Amino acid sequence: MEKAQKGDIPFLAKMMLQSSRADKAVGLFDYLFNNAADDIIIQKLEQLLLSPKQCYCYYENFLVARIDEEQVGTLCSYEPRIATKERFIEALQESGCDASVVDRLNTLAECDFDINKRTLMFDFLEEVEGYVDMGILKALMQKSLLTARLKGYRIAQTIVEIGSLETLMFYEKLGFGIKEKHECESYKEIFGRSGVMLLELDF
């Protein structure tokens with residue numbers, strides 16, 4: 001487990017897209033980038049990962065798991081007090097997105113949680129097919145929590161879709177509990193899931 005390097009960016013972009021879809025036909029980035037072809041979406045994600053705005057998915061926020069030098073998993077952890085929604089919007093605009101992407105993002109605002117600025121957020125916990133159930137995700141999480149503790153954090157949160165039972169079970173095994181649920185019509189219309197849950201861990 002090590003911090004992502006610039007050379008990992010193509011892999012991180014693929015994992016972000018895979019994670020956002022999570023067994024759905026349309027994921028967040030399909031929606032934001034207007035159902036563009038995968039190679040276009042990945043190109044946009046690579047730009048976000050490198051953006052000097054350092055939004056939540058900036059590459060330095062990622063850990064990468066490797067087995068025999070092969071990239072097999074990712075986890076992004078970020079500080080919401082720094083990586084704000086405004087920064088994400090600026091990074092999207094910087095990557096060549098027009099105003100419609102902000103409108104699409106704002107459509108989902110009813111699903112937003114009021115995130116405590118003293119928490120550490122997790123996202124894009126993902127592993128490569130063929131390496132499932134090898135303890136990769138648990139190891140990534142443990143390493144991230146250790147780093148978070150050294151930074152003075154004691155609360156971690158993540159957002160999971162309602163109906164993502166496997167993901168929920170995985171986080172519950174790690175000690176996360178459901179803090180809040182938002183059922184949103186817009187989310188259901190776009191993604192076919194009834195909304196999102198905020199999970200929290202005291203560590």
Side-chain angles (χ1 to χ4, degrees), residues 1-22 27-33 41-66 71-92 94-95 105 108 111-113 115-128 131-132 135-151 153 155-161 164 166-168 170-171 174 176 196-201 203:
M1 311 291 154
E2 57 190 25
K3 280 193 76 162
Q5 307 295 317
K6 282 190 177 176
D8 293 312
I9 282 173
F11 174 69
L12 297 178
K14 286 177 190 167
M15 290 292 98
M16 285 174 68
L17 185 55
Q18 179 178 308
S19 175
S20 71
R21 284 176 175 165
L28 174 65
F29 300 113
D30 298 287
Y31 170 65
L32 289 182
F33 301 130
I41 296 174
I42 283 169
Q43 186 184 8
K44 294 282 188 195
L45 293 178
E46 288 178 357
Q47 289 175 301
L48 288 178
L49 284 156
L50 264 175
S51 171
K53 298 295 179 191
Q54 298 191 13
C55 62
Y56 79 104
C57 52
Y58 186 58
Y59 80 94
E60 288 187 359
N61 293 339
F62 281 81
L63 278 180
V64 175
R66 301 178 200 277
Q71 302 148 314
V72 296
T74 58
L75 174 59
C76 173
S77 60
Y78 64 95
E79 299 168 89
R81 66 188 178 84
I82 298 170
T84 59
K85 187 174 181 178
E86 289 70 31
R87 276 200 186 189
F88 182 49
I89 288 170
E90 286 170 9
L92 284 167
E94 200 177 63
S95 70
L105 195 60
L108 297 173
C111 309
D112 287 350
F113 294 102
I115 301 296
N116 181 337
K117 296 291 188 283
R118 288 170 298 152
T119 64
L120 190 74
M121 293 295 294
F122 287 123
D123 207 343
F124 309 119
L125 180 58
E126 199 64 30
E127 58 197 348
V128 171
Y131 289 92
V132 179
I136 292 164
L137 300 184
K138 189 176 179 182
L140 281 164
M141 183 63 75
Q142 286 171 337
K143 169 97 174 179
S144 270
L145 288 172
L146 183 63
T147 306
R149 183 174 276 279
L150 292 172
K151 283 185 176 178
Y153 283 99
I155 300 171
Q157 293 181 329
T158 192
I159 294 169
V160 172
E161 289 175 321
S164 295
E166 275 186 38
T167 307
L168 178 61
F170 174 77
Y171 275 110
L174 292 172
F176 282 79
V196 284
M197 299 178 284
L198 183 67
L199 309 185
E200 185 171 281
L201 171 72
F203 63 96

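All heavy atoms count here, side chains included; hydrogens, waters and symmetry mates do not. Counting begins at 1 with the first residue of the sequence. Bear in mind the structure is a predicted one, so any value in this text is a computation, not a measurement.
- Side-chain atoms of Ser19 never come within 3.5 Å of backbone atoms of Asp123 as a donor-acceptor pair (strictly under, hydrogens ignored).
- Leu174 places none of its side-chain heavy atoms less than 4.5 Å from the side chain of Leu145.
- Asp8 places a side-chain heavy atom less than 4.5 Å from the side chain of Arg66.
- For Arg118, the salt bridge (charged side-chain N to carboxylate O under 4.0 Å, His left out) criterion is met by no residue, not counting sequence neighbours.
- Between Phe62 and Phe124, the ring planes are parallel. Angles under 30° get that label, and only those over 60° would be called perpendicular.
- Once rounded to the nearest 0.5 Å, the distance linking CD1 of Ile115 with CG of Leu120 reads 11.5 Å.
- For the atom pair CD (Gln47) and CD1 (Ile9), the distance works out to 11.0 Å, reported to the nearest 0.5 Å.
- Between Leu12 and Glu46 there is no side-chain heavy-atom pair separated by less than 4.5 Å.
- Residue pairs that meet the side chain to side chain donor-acceptor pair (under 3.5 Å) test with at least one member in residues 48-65, sequence neighbours left out, are Ser51-Glu94.
- Side-chain contact check for Tyr171 versus Leu201: every heavy-atom pair is 4.5 Å or farther apart.
- Between the CE atom in Met16 and the CD1 atom in Ile42 there is a gap of 10.5 Å [rounded to 0.5 Å].
- Under the side chain to side chain contact (heavy atoms under 4.5 Å, CB included) test applied with Ile136, the options Thr74, Val72, Leu125 reduce to a single match, Val72.
- Between the side chain of Gln5 and the backbone N or O of Lys3 there is at least one donor-acceptor pair closer than 3.5 Å.
- Between Leu63 atom CG and Lys143 atom NZ the span is 6.5 Å, to the nearest 0.5 Å.
- Here OG1 of Thr158 is found 10.5 Å from CE of Met197. Values are rounded to the nearest 0.5 Å.
- Put simply, the side chain of Ile159 reaches to within 4.5 Å of the side chain of Met121, judged on heavy atoms.
- For Ile155, the side-chain contact (heavy atoms from CB on, under 4.5 Å) partners are Thr119, Gln157, Glu200, Asp202, not counting sequence neighbours.
- Here NZ of Lys151 is found 4.5 Å from CD of Glu79. Values are rounded to the nearest 0.5 Å.
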